[in-house]
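Note sheet for the following structure.
Everything numeric in this text was worked out from a predicted model, so none of it was measured. Residue numbering restarts at 1 for every chain, and letters A, B, ... go by the order of the sequence lines.
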There are 2 protein chains.
Amino acid sequence: MEETTGLRERKKAATRLALHEAALRLATEHGLDRVTVEAIADAANVSRRTFSNYFSSKEEAVFHGDAVRLRRLLELVRRQPADAPAWDALSGAAERLAVEAYGNAPPSWLVHRRQLRGHPGLVAHQVAAYTAIERDLADDVAHRLTGPDGALRSRVLAATFLASLRVAIQHWIDHPDGPLLDILRTALTEAAGARPGTGAPATAG
Amino acid sequence: MEETTGLRERKKAATRLALHEAALRLATEHGLDRVTVEAIADAANVSRRTFSNYFSSKEEAVFHGDAVRLRRLLELVRRQPADAPAWDALSGAAERLAVEAYGNAPPSWLVHRRQLRGHPGLVAHQVAAYTAIERDLADDVAHRLTGPDGALRSRVLAATFLASLRVAIQHWIDHPDGPLLDILRTALTEAAGARPGTGAPATAG
DNA sequence: TCAGATCTTGCCCGTAGTGCAAGTTTTCCC
DNA sequence: GGGAAAACTTGCACTACGGGCAAGATCTGA
């Protein structure tokens with residue numbers, strides 16, 4: 001827990017956070033496409049040019065929080081027991097994330113997020129953020145797999161896992177009746193056992 | 001198979017196709033970010049403004065082919081046997097798509113696609129295109145599910161299925177040793193049975 | 001304290017996306 | 001076949017975005 005960062009680094013973090021929060025607030029207030037980069041920069045007391053030094057687009061600024069949480073997820077996966085099978089490691093890390101990063105999210109956060117739901121440019125960036133770490137995640141779980149086609153199968157695992165996580169969080173934002181953890185478990189169970197849950201496929205013709 | 005379309009419609013289709021092909025060709029030749037919308041429009045003999053009437057961005061023009069195939073996939077899913085379980089319907093449709101839409105793709109197509117691999121703006125758009133139909137797909141398979149949490153679970157199914165399909169196609173483009181169908185089956189099997197495939201099926205504690 | 005590294009800002013340019021209105025092509029119906 | 005209506009194309013103008021560049025401000029390390 002060493003927080004011995006220099007002043008410069010702390011200022012940068014503060015600016016990044018200010019831009020992120022300004023972007024989130026303005027986007028939920030007026031709708032993202034009625035908010036200019038300049039307005040976000042103004043709200044964070046920096047120039048338009050400086051905004052570009054931190055984020056490459058409005059969308060990236062809005063989803064900065066998600067990006068942080070996704071990096072945290074990677075960290076959690078790496079810290080799973082060395083002998084845990086791939087899917088167990090992934091779902092274990094996800095459940096941990098659901099508690100530590102979303103467990104005590106203020107209701108206002110949910111309201112904010114629900115405002116942003118459905119905006120085309122935003123969902124595009126959101127899924128892009130998820131798939132951005134797909135390769136890293138696949139690399140991290142590859143060693144937990146046995147059998148042939150490791151590269152392909154670890155990639156499928158990472159992709160389906162991230163898709164499940166994304167859907168679970170989205171569902172929770174839309175229907176916040178109950179903790180995310182319950183929804184996440186349902187989603188991960190469905191993903192892990194698509195076969196038994198839907199009926200026996202048996203080679204499916 | 002009625003092709004009784006009017007002249008206007010045929011012209012529009014031709015223009016759309018010309019723009020798509022020009023975008024694909026120029027992007028593979030020079031790299032997408034060194035190609036302007038104006039250049040694509042010129043290559044298709046229309047104005048820059050007309051380009052915007054057909055596609056909202058370069059990326060959309062490049063991925064027009066994928067969008068068409070994804071719509072076709074929806075169609076194939078709807079035509080699956082009414083009593084087929086959800087996952088069977090999805091994988092059945094995917095296997096059909098692999099044959100009919102990718103089965104006789106010329107090698108040059110694979111080369112083109114490999115050129116585009118890894119471009120950040122492109123993968124973002126690609127995954128966005130996939131998730132764009134996620135909701136429709138979920139609605140189409142919801143009635144094939146039994147049990148509680150149908151909305152969530154059908155969404156998870158659609159999302160994980162599309163993720164698997166995307167990964168399979170990507171893997172095939174990167175390693176075209178063998179038909180897509182084989183890779184697809186491996187991917188879908190891994191997705192459907194993530195748990196048993198990865199090692200110990202029983203809680204693995 | 002001070003030199004070097006790093007960050008911020010304004011300026012500028014090329015590109016993107018879009019409303020609008022005028023001109024062109026296709027359709028539809030008599 | 002003719003002519004009005006609908007649909008499409010195009011150029012223009014304007015806003016916004018992203019990023020290179022250089023000058024000034026701020027932080028760091030010795």
Side-chain angles (χ1 to χ4, degrees), chain A residues 2-20 22-23 26-27 29-64 67 119-125 128-129 132, chain B residues 2-20 22-24 26-27 29-64 67 119-125 128-129:
Chain A
E2 312 273 336
E3 293 293 338
T4 325
T5 55
L7 171 61
R8 175 165 277 160
E9 254 179 281
R10 270 178 286 139
K11 274 196 167 184
K12 282 194 72 172
T15 300
R16 178 168 270 113
L17 188 61
L19 284 169
H20 165 60
L26 292 173
E29 276 176 11
H30 309 117
L32 183 61
D33 32 11
R34 261 185 286 280
V35 175
T36 65
V37 167
E38 193 155 22
I40 298 171
D42 280 356
N45 292 310
V46 294
S47 69
R48 180 175 79 89
R49 189 63 186 79
T50 294
F51 175 94
S52 290
N53 290 340
Y54 285 87
F55 300 109
S56 64
S57 67
K58 295 184 276 191
E59 291 80 8
E60 196 179 315
V62 169
F63 275 108
H64 171 61
H119 188 293
L122 274 181
V123 294
H125 234 81
Chain B
E2 312 271 336
E3 294 294 340
T4 325
T5 55
L7 170 59
R8 175 165 278 161
E9 253 180 283
R10 270 179 285 138
K11 272 195 168 184
K12 281 194 71 173
T15 300
R16 177 167 271 110
L17 188 62
L19 283 169
H20 164 61
L24 199 56
L26 291 173
E29 276 177 10
H30 309 115
L32 183 61
D33 34 10
R34 262 185 284 279
V35 175
T36 65
V37 167
E38 192 155 23
I40 298 171
D42 281 356
N45 291 311
V46 294
S47 69
R48 181 175 79 89
R49 188 63 185 81
T50 294
F51 175 94
S52 290
N53 291 338
Y54 284 88
F55 300 109
S56 64
S57 67
K58 295 184 277 190
E59 290 81 7
E60 197 179 313
V62 169
F63 276 109
H64 171 61
H119 188 292
L122 274 181
V123 293
H125 234 81

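Note on Y54(A): every side-chain N or O is 4.0 Å or more away from OP1 and OP2 of dC7(C). Neither OP1 nor OP2 of dT8(C) sits under 4.0 Å from any side-chain N or O of T50(A). Look at K11(A) and you won't find any side-chain N or O under 4.0 angstrom from OP1 or OP2 of dC7(C).
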Would you check, one step at a time, whether the test side-chain contact (heavy atoms from CB on, under 4.5 Å) holds for T36(A) with R48(A)?
-> CA-CA 10 Å; T36(A) 65; R48(A) 180 175 79 89; over 6 Å; no
For V62(B) and F55(B), what are the C-alpha separation, side-chain angles and deciding distance, and is it a side-chain contact (heavy atoms from CB on, under 4.5 Å)?
-> CA-CA 10 Å; V62(B) 169; F55(B) 300 109; over 6 Å; no
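Residue F55(A) is classed as having no contact, given no heavy-atom separation below 4.0 Å to the nucleic acid.
Put simply, CG on N53(A) is 10 Å from P on dG20(D), counting in whole angstrom units. Separating the CD atom of E38(B) from the P atom of dT9(D) is a distance of 17 Å, rounded to the nearest angstrom. As a whole-Å value, the separation of E9(A) CD from dC27(D) P is 14 Å. For the pair N45(A) CG and dT26(D) C1', the interatomic distance rounds to 17 Å; values are reported in whole Å. Across the protein-nucleic acid pair, D42(B) atom CG and dT10(D) atom P stand 11 Å apart, rounded to whole Å. Counting to the nearest Å, the P atom of dG18(D) and the NZ atom of K58(B) are 13 Å from each other. One can place CD of E60(A) at 14 Å from P of dC17(D), the figure rounded to the nearest angstrom. When rounded to the nearest whole Å, the span between CZ of R10(B) and P of dT25(C) equals 17 Å.
Note that NE2 of H119(A) is 7.0 Å distant from CD of E59(A), once rounded to the nearest 0.5 Å.
Minimum heavy-atom separation, V37(B) to K58(B): CG2-CG, 3.6 Å. Of all heavy-atom pairs between S57(B) and F51(B), the closest is O-CZ, 3.5 Å.
Among the nucleotides dG17(C), dT10(D), dA16(D), the one closest to the side chain of T36(A) is dA16(D). Taking only side-chain atoms of R8(B), from C-beta outward, the nucleotide of dT18(C), dA6(D), dC7(C) with the closest atom is dA6(D). Closest contact between the side chain of R49(B) and the listed nucleotides dC12(D), dC11(C), dG18(D) involves dC12(D). If you check dG20(D), dC12(C), dT18(C) against the side chain of R48(B), the one that comes closest is dT18(C).
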